[in-house]
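Structure record follows, encoded as structure tokens.
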Amino acid sequence: MHHYSLLSAFRDAIRCISPSLCQICGEALVYDAQIVCLSCEEDLPVTSFHMQKDNPFTDKFFGRINLQAGASYLYFTKEGIAQKLVHQLKYKGKTKLGTSLGQRYGHVLKESSLFKNIDLIMPVPLHRKRLRSRGYNQSSLFAKGISETMDIPMDSNNVIRHRATKTQTRKTRLERFQNVDGAFRVLDPKQLEYKNVLLVDDILTTGATLEGCSKELLKIPGLQLSMATIGFAYFQ
Ligand SMILES: [Zn+2]
């Protein structure tokens with residue numbers, strides 16, 4: 001048998017046993033625990049924000065929110081790898097992808113001195129109507145992966161989005177900020193006093209959503225805030 005056909009027969013055999021495909025190129029995966037294939041793995045546009053106290057992430061909040069630390073796992077560009085992954089996660093029901101990305105980033109954050117001493121991981125909540133229609137909160141899945149890997153508890157109930165906000169996608173910068181202002185509420189602030197909280201979201205663009213949520217959290221005495229997202233977008 002020719003070498004090439006042997007290889008493709010092997011690939012076909014793997015496709016049969018393993019239903020998992022690379023979330024980027026669609027190639028069959030050898031290990032079920034993988035989310036992307038080895039060649040796409042090398043192409044992941046990872047940031048090194050977790051190594052820098054001041055970085056493009058914290059710059060977006062400079063003068064607006066007092067952040068202990070802030071970092072994103074991947075650079076998010078239009079049509080890029082991070083956009084593909086987040087699209088699968090948000091709109092294609094790929095829930096396992098969310099926790100896998102969280103676990104991966106959890107390992108990265110564990111190595112960073114900037115993310116030591118976190119007491120609690122909190123995902124930015126969705127409004128209950130959005131949660132019902134999507135069936136899950138993509139940021140909660142990412143947060144869950146981080147929480148498991150860093151061995152830090154997660155709280156996804158104490159902050160709620162009590163006002164349904166329209167999708168941010170087609171809004172101007174100013175509209176985005178007005179859209180989320182006052183949309184969040186902390187149910188039991190006492191529980192969060194003097195806690196070091198890591199607030200987690202899917203993508204950082206203008207920062208309007210994270211800022212809206214942070215403003216509520218930072219009203220709580222002694223609360224210290226850090227942030228992490230899957231993607232970081234330079235464009236707004
Ligand atoms: Zn691939």
Side-chain angles (χ1 to χ4, degrees), residues 1-52 55-57 70-112 115 121 123-124 126 134-150 154 167-169 200-205 227-236:
M1 206 187 243
H2 190 266
H3 181 71
Y4 176 77
S5 55
L6 198 117
L7 186 67
S8 53
F10 176 66
R11 281 205 184 119
D12 287 344
I14 285 173
R15 265 195 199 94
C16 292
I17 7 173
S18 162
S20 311
L21 303 174
C22 171
Q23 296 295 325
I24 296 163
C25 71
E27 189 66 30
L29 296 174
V30 183
Y31 304 106
D32 204 43
Q34 277 185 296
I35 48 172
V36 296
C37 72
L38 291 176
S39 90
C40 288
E41 171 95 52
E42 282 176 21
D43 294 337
L44 281 179
V46 294
T47 79
S48 54
F49 294 173
H50 64 288
M51 307 293 287
Q52 311 151 254
N55 61 49
F57 189 113
S72 301
Y73 183 28
L74 304 169
Y75 287 106
F76 186 96
T77 52
K78 279 178 179 147
E79 313 301 329
I81 287 178
Q83 196 207 31
K84 271 189 176 174
L85 290 172
V86 172
H87 185 83
Q88 292 290 316
L89 170 62
K90 279 177 85 167
Y91 306 112
K92 302 286 176 187
K94 298 284 167 63
T95 52
K96 217 178 84 182
L97 178 61
T99 36
S100 300
L101 287 168
Q103 286 162 356
R104 281 161 170 262
Y105 203 38
H107 285 295
V108 173
L109 294 180
K110 247 176 141 171
E111 301 305 311
S112 165
F115 291 85
I121 297 173
V124 169
L126 293 179
R134 187 171 295 156
Y136 56 91
N137 176 354
Q138 69 282 357
S139 301
S140 287
L141 297 167
F142 183 59
K144 183 169 170 271
I146 296 176
S147 158
E148 287 168 2
T149 311
M150 295 185 84
M154 169 169 126
T167 175
Q168 302 270 67
T169 321
V200 172
D201 204 5
D202 50 5
I203 305 158
L204 172 59
T205 47
M227 293 176 185
T229 66
I230 303 171
F232 174 87
Y234 275 107
F235 59 85
Q236 299 179 339

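Just so you know, ligand 1 is whichever comes first in the structure, and atom 1 is the first atom listed for that ligand. Here, residue 1 is the first one in the sequence, and each next residue gets the next number.
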Among Y73, F57, Y75, find the one that has a ring-ring contact (aromatic ring centres under 6.0 Å, His included) with F49.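 Passing option: Y75.
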Salt bridge (charged side-chain N to carboxylate O under 4.0 Å, His left out) contacts touching residues 82-93 (sequence neighbours left out):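 For residues 82-93: K90-D202.
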Short side-chain to backbone donor-acceptor contact, [X] and [Y], under 3.5 Å:
{"X": "S147", "Y": "A143", "value": "no"}
{"X": "T47", "Y": "S72", "value": "yes"}
{"X": "N55", "Y": "S48", "value": "no"}

I'd like to verify the contacts: list protein N, O or S atoms under a distance of 2.8 Å from the Zn ion (ligand 1).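 Per the 2.8 Å query on the Zn ion (ligand 1), atoms found are C22 SG, C25 SG, C37 SG, C40 SG.
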Determine the interplanar angle of the F142 and Y105 rings, folded into 0 to 90°, and report it as parallel if under 30°, tilted if 30 to 60°, perpendicular if over 60°.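 Taking Y105 first and then F142, their aromatic rings lie parallel (interplane angle under 30°).
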